[in-house]
2 protein chains.
Amino acid sequence: MTLEDFLISYVSFSQEELNDILENFTKIEVAKNHLLIKEGQVCKNIYFIEEGMGRSYYLKKDGKEVTQWFFGEGVFMSSADSFFKQSPSYYYLEALDDSVLYSISYGKIETLLAKYHKMETFVRLLSIDMLAKVASKLNAIQFQTARERYDYMNSEFPDISYRVPLGHIASYLGMTQETLSRIRHQA
Amino acid sequence: MTLEDFLISYVSFSQEELNDILENFTKIEVAKNHLLIKEGQVCKNIYFIEEGMGRSYYLKKDGKEVTQWFFGEGVFMSSADSFFKQSPSYYYLEALDDSVLYSISYGKIETLLAKYHKMETFVRLLSIDMLAKVASKLNAIQFQTARERYDYMNSEFPDISYRVPLGHIASYLGMTQETLSRIRHQA
DNA sequence: CGCCGAGTTGAACTGAATCAAGAAACGTGG
DNA sequence: CCACGTTTCTTGATTCAGTTCAACTCGGCG
């Protein structure tokens with residue numbers, strides 16, 4: 001899905017509006033394992049993934065990485081909170097593959113938000129969608145067995161489960177790598 | 001905190017705008033245990049809590065109630081997803097005390113969103129805040145012990161923990177009532 | 001080849017759930 | 001204002017899903 005398609009799937013922008021908006025994005029290509037944001041930095045850009053994939057993660061006190069979210073093709077990748085509030089990010093943002101991204105800075109988003117009422121609507125709808133997804137993961141984590149969480153993961157991110165290291169998925173699901181390995185094999 | 005104070009804490013509405021916006025809210029009083037929304041219904045209104053408190057919950061297949069969120073004084077109470085997308089709610093919305101609420105319908109919010117660019121901004125900021133809170137609960141649930149989650153709860157909802165039945169809090173925290181009782185007493 | 005990280009498998013351990021039984025608190029009607 | 005039933009909370013014993021620790025396998029890749 002292109003960025004343009006993504007935008008109009010939420011709000012009916014006119015062609016002129018779309019052109020104006022798209023002009024503010026910069027196409028960038030990043031290599032696998034590239035870090036877009038580090039913990040503690042303010043997330044100055046948000047990225048639409050045209051090709052590739054990414055994840056957000058943080059480090060526990062013991063130094064272990066915990067995957068917080070996966071981002072596939074055709075979605076915005078960010079530390080949403082950090083970006084929209086311009087506050088320090090709790091998370092790292094990492095490309096999990098060589099990726100093609102469309103980047104936009106906070107300043108430019110602000111300008112667009114002020115200029116286009118529809119842009120505010122777009123971001124609002126996007127936020128509500130993210131909220132619903134995080135709430136749904138929360139329910140899965142909170143009240144499902146390891147097995148059920150694995151199935152939930154496969155339905156939510158069908159393509160991702162065999163494209164990233166096991167450990168990333170395990171920490172996303174709140175279980176150890178060993179448990180995930182066992183589940184996968186007893187399937 | 002009054003609704004007016006709440007609104008201007010997010011966006012600098014003018015006094016005329018505020019008056020116009022506030023006119024669209026209806027003050028209602030509900031008794032303890034009143035259900036504002038049932039599962040499967042579309043959430044037609046959103047409620048600002050001036051006095052009292054509430055929670056959202058759902059029923060597991062085995063019929064047990066699971067508290068999804070608590071709402072204290074000075075916040076909006078809703079099944080956000082259901083309200084903003086006008087889709088069936090997964091949750092029940094219940095008053096936990098006799099409460100004074102300011103209610104607004106989806107239709108009226110839509111009108112205000114269309115009329116005031118600032119209103120879109122307000123809802124967007126509100127959504128991002130909710131997102132951050134849900135994400136923070138997710139982290140607590142996913143990687144903390146029962147004990148740590150209890151402490152998290154006390155910092156997030158300091159006043160609530162002794163005002164509602166233990167079972168509501170336990171299910172909110174993803175543990176059994178017995179476990180919470182033990183934790184509380186070993187404190 | 002032989003190393004090295006990623007994944008698998010096994011055995012022992014543990015935090016929290018479950019099951020079960022009382023104790024305390026609560027409100028409702030007599 | 002007390003008695004009684006109901007709901008809420010506590011405490012104990014047992015069980016279990018998932019963790020931890022540790023060793024082993026496998027598939028690249030220098």
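Note: hydrogens, waters and symmetry copies are ignored here, and every other heavy atom, side chains too, is used. All chains are named by letter (A, B, ...) in the order of the sequence lines, taking the proteins before the strands, and each is independently numbered beginning at 1.
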Please state how far atom CG in B:N33 lies from atom P in D:dT8, giving the value in whole angstrom units.
9 Å
Below 30° counts as parallel, above 60° as perpendicular, anything between as tilted: where do the rings of B:F48 and B:F76 land?
perpendicular
Looking only at C:dA17, D:dG18, C:dT8, the nucleotide nearest the A:R149 side chain is D:dG18
Roughly how many Å is it from CG in A:L166 to P in D:dG27, rounded to a whole number?
16 Å
How close or far is atom C1' of C:dT9 from atom CD1 of A:I183, stated in whole angstroms?
15 Å
Which nucleotide, D:dA22, D:dT11, D:dC9, lies nearest any side-chain atom of B:E178?
D:dT11
Side-chain contact test, heavy atoms from C-beta onward, threshold under 4.5 Å: evaluate it for A:Y58 versus A:Y90 and give yes or no.
no
Is the NZ atom of B:K60 crowded by more than 12 outside heavy atoms at less than 6.0 Å?
yes
Separation of C:dA16 P from A:Q144 CD (nearest whole Å)
20 Å
Could you give the CD-to-C1' distance, from B:Q177 to C:dA25, as a whole number of Å?
13 Å
Could you check which of D:dT8, C:dA20, C:dT9 has an atom nearest any side-chain atom of A:H185?
C:dT9
Which nucleotide, C:dT8, D:dT20, D:dT8, lies nearest any side-chain atom of A:T176?
D:dT20
Spacing of B:D62 atom CG relative to C:dA17 atom C1', expressed in whole Å
13 Å
Toward the 5' end of DNA chain C, which comes first, B:M175 or B:K32, by nearest nucleotide?
B:M175
Tell me the interatomic distance from A:R184, atom CZ, to C:dT8, atom C1', rounded to whole angstroms.
11 Å
CG of A:L180 versus P of D:dT19: gap in Å, rounded?
10 Å
Hey, what's the ring geometry for B:H117 with A:H117, parallel, tilted or perpendicular (30° and 60° as the breaks)?
tilted
hbond_proxy B:R182 side chain to C:dT18 base (donor-acceptor, 3.5 Å cutoff):
yes
Taking the side chain of B:T179 as heavy atoms from C-beta outward, which of C:dA17, D:dT10, C:dT8 is closest to it?
C:dA17
Does B:D151 come within less than 4.0 Å of B:R147, counting only side-chain N to carboxylate O?
yes
